[in-house]
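As structure tokens, the structure follows; a few thoughts come after it.
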Amino acid sequence: LPLMALIYYEVSGGPFGLEDAVGAAGSMLTILGLLVFPLVWCAPQALVASELIGMFPEDSGFVAWITHSFGRFLGFQEGLLLWTS
């Protein structure tokens with residue numbers, strides 16, 4: 001049951017607060033923010049992930065990165081958390 005609640009809250013966030021943003025900044029600035037913010041937020045993450053993929057050409061992704069940086073225990077925890085999420 002807690003996992004189902006977590007999944008529900010993860011995927012149903014939706015446009016929460018969008019009405020407040022339109023009310024505060026206007027529709028044009030809100031739309032501009034919705035278009036620009038994902039690029040500003042996701043582009044650096046994509047660049048970091050692509051750099052790490054080049055450094056660790058393995059199939060395990062985050063698990064390999066964390067295992068190399070923080071040890072086997074935290075690497076196992078990351079793998080377990082990724083598997084359960």
Side-chain angles (χ1 to χ4, degrees):
L1 189 61
L3 180 61
M4 290 173 51
L6 182 66
I7 291 170
Y8 173 75
Y9 286 118
E10 184 72 30
V11 299
S12 67
F16 180 73
L18 195 57
E19 297 88 2
D20 297 332
V22 172
S27 60
M28 183 58 84
L29 283 177
T30 302
I31 291 172
L32 182 65
L34 289 173
L35 294 175
V36 170
F37 183 72
L39 295 174
V40 171
W41 184 262
C42 295
Q45 288 184 349
L47 291 173
V48 167
S50 65
E51 186 72 26
L52 287 171
I53 288 169
M55 290 174 61
F56 296 96
E58 300 177 18
D59 291 336
S60 56
F62 287 108
V63 177
W65 308 337
I66 291 175
T67 302
H68 179 74
S69 299
F70 301 111
R72 294 181 63 199
F73 179 69
L74 289 177
F76 172 77
Q77 284 187 337
E78 175 66 19
L80 186 65
L81 291 172
L82 283 173
W83 181 68
T84 57
S85 66

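In what follows, residues are counted from 1 in the order of the sequence shown. Computed from a predicted structure; not experimentally measured.
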Q) In Å and rounded to the nearest 0.5 Å, what is the NE2 to OG distance from H68 to S60? A)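 That separation rounds to 12.5 Å.
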For the residue pair [X] and [Y], what are the closest heavy atoms and their distance?
| X | Y | answer |
| --- | --- | --- |
| P38 | G33 | CD-O, 4.1 Å |
| R72 | T67 | CA-CG2, 4.1 Å |
| P44 | L39 | CD-O, 4.1 Å |
| G54 | P57 | O-CD, 4.2 Å |
| L3 | T84 | CD1-O, 3.8 Å |

When you group the ILVMFWY residues by side-chain heavy-atom contacts below 4.5 Å and let the links chain together, are [Y] and [X] in the same group?
| X | Y | answer |
| --- | --- | --- |
| L29 | V22 | no |
| L32 | V40 | yes |
| F56 | L82 | yes |
| M55 | V48 | yes |

Q) Can any side-chain N or O of T30 pair as donor or acceptor with the backbone N or O of A21 at less than 3.5 Å? A)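 It does hold such a pair.
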**Q.** Over 12 foreign heavy atoms within 6.0 Å of CD, Q45
**A.**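 Atom CD in Q45 is crowded, with more than 12 foreign heavy atoms closer than 6.0 Å.
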(Q) Would you say that F73 contacts Q77 through its side chain, given a criterion of any heavy-atom pair below 4.5 Å between the two side chains? (A)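 Side-chain contact under 4.5 Å: yes.
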**Q.** Non-neighbouring partners of F62 that pass ring-ring contact (aromatic ring centres under 6.0 Å, His included), sequence neighbours left out
**A.**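 ring-ring contact (aromatic ring centres under 6.0 Å, His included) list for F62, sorted by chain: W65.
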